[in-house]
Q: 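Questions regarding the structure given below will be posed in turn.
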Number of protein chains: 2
Amino acid sequence: MSDTMMIAVEPLKEFCRQVLRKVGVPEDDARLSIDVLVEADLRGVYSHGVVRLPIYAERLRAGVMNSAPKMVTRRETPSTCIFDGDNGIGMIVGVRSMEVAIEKARRSGAPSFISVERSNHYGAAAYFAEQAADAGMIGFSFTIGGINHMAPWGGREAMLGNNPFAIALPTPCGFNIVLDMACSVAARGKIIVAAANGDPIPPDWALGPDGQPTTDAVEALKGLVQPVGGPKGYALTLIIGLLSTMLSEAFFGSEVTHLYEDFDNPQNIGHLQGALPIELFQDMDRYNERITKAVEEMRNTKPAAGVERVYLPGEREHLAREAAIRQGIPLGHGVLDDLRQIGGKLGVPFDDIVTGRA
Amino acid sequence: MSDTMMIAVEPLKEFCRQVLRKVGVPEDDARLSIDVLVEADLRGVYSHGVVRLPIYAERLRAGVMNSAPKMVTRRETPSTCIFDGDNGIGMIVGVRSMEVAIEKARRSGAPSFISVERSNHYGAAAYFAEQAADAGMIGFSFTIGGINHMAPWGGREAMLGNNPFAIALPTPCGFNIVLDMACSVAARGKIIVAAANGDPIPPDWALGPDGQPTTDAVEALKGLVQPVGGPKGYALTLIIGLLSTMLSEAFFGSEVTHLYEDFDNPQNIGHLQGALPIELFQDMDRYNERITKAVEEMRNTKPAAGVERVYLPGEREHLAREAAIRQGIPLGHGVLDDLRQIGGKLGVPFDDIVTGRA
C-alpha cells in the first residue's frame, strides 16, 4: 500500500478506546468494540476496521446510537431467541448475541439461531462466525448493511444493501476456514478511492444514476453498486437481508436509514447468528482428521503460473494478522486524518498516543 | 429457445417413470424422483431436469447407484442426525432427508440440521429448500457437486465441484423466495453448447488446461470453470462443499468420483439440509405482513431502461412453471435424442409415449 504509515497495534487500540470512552461507552464495552474493530485491520480488512471509528463515535455523540445499552432477549426457547440490541454498538451486540447462540447450542444440544434486532453496523461478519468456530461449532453470521446502494436486478433504485455474511469452520491447522463476503462485484470503498484519484472503474462495478453501467467513478458514487454475478448477487443480497430482518422487527428495504447521513433515527439493523455444534454429527477427532486432509489438498493443489501456492479462505487473513501484530497496521493518510479529527473533537490527542510524538 | 420441441408434462413424466421402473426403482420412488426432476424443467432450470435422467438410469443399471435403498438415520438427537442415503437416487434421498429435518424441527421446536451421506447427485437444490418453505420454515440445502471441475483460487487442478446451495423463504404471495445458485460464473452446460456450435466464450468463464483464461470453448472443457467473483466464488464453493461433507463420511476433494465417467464406485455425495421454523421467532401473521411488504417493494422498484419490472428470485420460476403446465416443456433435440436412446436401451418407447406418434 502506498501513502500509508505503519501504526503499532496497542497505541492504536488505546486511542480508539479513549475515543469511545469520551462518548459515554463503558470501559468493558469500549475495549471489546475496539478489539473487534482492530481485529479487522489486523486481518487486512481495512474497510471494516478503525476507518469506521469516526462514524460510530459521531453517532454515539449524537445520541442516535446508545452508548450504554440494556440488551435483552425475548421469545426465548432453549435454542433460539430474539436478541434486542437496544441500539448499542454493533460490535457489542454482535459478540453478545453470538455468545447467546453458542451457549444455547451447548446447553440444548441443538443448532442455535438468534435473530437480532435494534442493532447497528457491526463491522466484519467474520468475527462473529469465528466466535462459534473457536467454540468447536460451525458459525453463521448474516447481517443487513447500513446503507442501501444496490438495486434489485433489473431495477434502478437503491432498495438493498450490499449485505454481507460469514460462515466459519474450525480446523486444527491454526486458523479457521472463513467465508466472509458481501454481494457486490467490488467494495464501494474501491470506487471512492478511484473517484478521489480521478481513475476510471471497470464497467461491471457500478451503475450511474440513470441505471446504466458506467466507468466514471464519480457518477458511480451517485448511482448503485453492481451485484456479483448479476442476478446471483441480487438473489444472495436479498436473501441475506431477509434472513437478517424478517424473523424480528429489524428494518428492511425502504425502512433502512443511511449510516453516514441520517443522525436522527436509529438504524435498527438486524442480524441472524447461528451456531451448529460439530459434535452433534461427528466426533471431533474424526472431523479434525477429515478437515485437515481437505486443507492439505487445497494447499497442495498445483498452482497456476505465477502463483506461489493456494490458500484457504481465512488463512491469508490469519497470516496477515500475525505479521501485523509484529509490524503494525498500515493505515492511509485519509484514515489517519479522520482519526486525528475525531480525536481533536473529543479531546483525545491522536499523535501523542499513536505516533508517540508527545 | 431455438431447435426445441414442446413436450407435454404428463407423457414426459410417464416415459421417465417407466425408464426408472425398468432399472429396478420401486413405483413410489420412481414417481417421486420424476416429480423432482420434471419440477426443475417446469421452472425453466433445464440443466437439472430430465436431461439428467439418462445418467441416473445408466448408473442405476450399472448397479453403481442403488435402486432400492434402505435409508437409515444414525447419531440421532431431537433436532439433528446423520441420514445415510444407502446410495439411493439423490432426489429421493434429498426429499426424505428434508422431511426428517422438517419433522424434527416441528417436534423439537428447534432449528434442525441433517447431514446426509451416501447420497447421489440430487438435481436442483431449490426443491428441497422449498419443502421447508412450504412447511412454514426457512429451508437451507447445501450439496457437493458430482464432478470436480473447479480449482481452488490460484490453483490449476480440479479439486472442487461447482457446489450449489439453496435458501427458501415462504411468502403469502403465491411463491417462495428462493435463492438457488452454484459458484461458477457460467454453468458448464453453456460451455458445452458453445463448443458444439464452435462459438467463443467470454474470457471470464473458464481456464484452459494450462490454468490460464481461455475464450476457446473446446479448450475450456478440458480445463476448469471459473468461480463467480474470483476468490469469492472459490471461498463459497469450498464452504458449501465442506458443510455438505465434513459432518458425515461423505466424500470431498480427491475422494470425489466423476458422475459421468466412473461407473465402478458409488459417489457418496453429501448434503446438509436445514429447517428453521419461522414461528420460533415471529408470529406468522406478522412475518407474512413484513415479507409481503418486502416483496412489493422489490416489485415496485423503478425499473432500468428496457426492463418491464423487477422480479423476486423464485418468482420467474413460479411463472415459468405455470406456463409450462399449460404449454409443455421446451426440450432441445439433443436432450430428446438422449431420452430416446435410453428408452431404446431399456425398451421404453419414447415416441409412442411422449409425442403420441404411436
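All values reported here derive from a predicted model rather than from experimental measurement. In what follows, chains carry the letters A, B, and so on, assigned in the order in which the sequence lines appear, proteins first and then strands, with residues in each chain numbered from 1.
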Q: Identify the two heavy atoms, one from B:Leu319 and one from B:Arg309, that lie closest to each other, and give their separation to 0.1 Å.
A: CD1-NH2, 4.5 Å

Q: Are side-chain heavy atoms of A:Lys104 and A:Ile114 found at a separation under 4.5 Å?
A: yes

Q: Examine whether an atom of B:Tyr234 lies under 4.5 Å from a heavy atom of chain A, and if so say whether it belongs to the side chain, the backbone or both; otherwise answer neither.
A: side chain

Q: Checking heavy atoms, do the side chain of B:Ile138, its backbone, both or neither come under 4.5 Å from chain A?
A: side chain

Q: Given heavy-atom pairs under 4.5 angstrom as the criterion, report whether the side chain, backbone, both or neither of B:Leu169 touches chain A.
A: side chain

Q: So for B:Leu207, is it side chain, backbone, both, or neither that comes closer than 4.5 Å to the heavy atoms of chain A?
A: neither

Q: Only one of A:Leu243, A:Ile240, A:Thr245 clears side chain to side chain contact (heavy atoms under 4.5 Å, CB included) with A:Leu272; which?
A: A:Leu243

Q: Between A:Asp84 and A:Thr73, is there a donor-acceptor pair closer than 3.5 Å when you use the side chain of the first and the backbone of the second?
A: no

Q: Just give me the residue among B:Glu157, B:Met159, B:Gln212, B:Glu308 that pairs up with chain A most often, heavy atom to heavy atom, under 4.5 Å.
A: B:Glu157

Q: Do A:Met181 and A:Phe165 come within less than 4.5 Å of each other through their side chains, counting heavy atoms only?
A: yes

Q: If only side-chain N and O atoms count, and only distance matters, is there a donor-acceptor pair under 3.5 Å linking A:Glu219 with A:Thr214?
A: no

Q: Taking side chain as everything from C-beta outward and backbone as N, CA, C, O, which of these in B:Asn300 sits under 4.5 Å from a heavy atom of chain A? Side chain, backbone, both or neither.
A: backbone

Q: Under 4.5 Å heavy-atom distance to chain A, tell me which part of B:Arg286 shows up: side chain, backbone, both or neither.
A: side chain

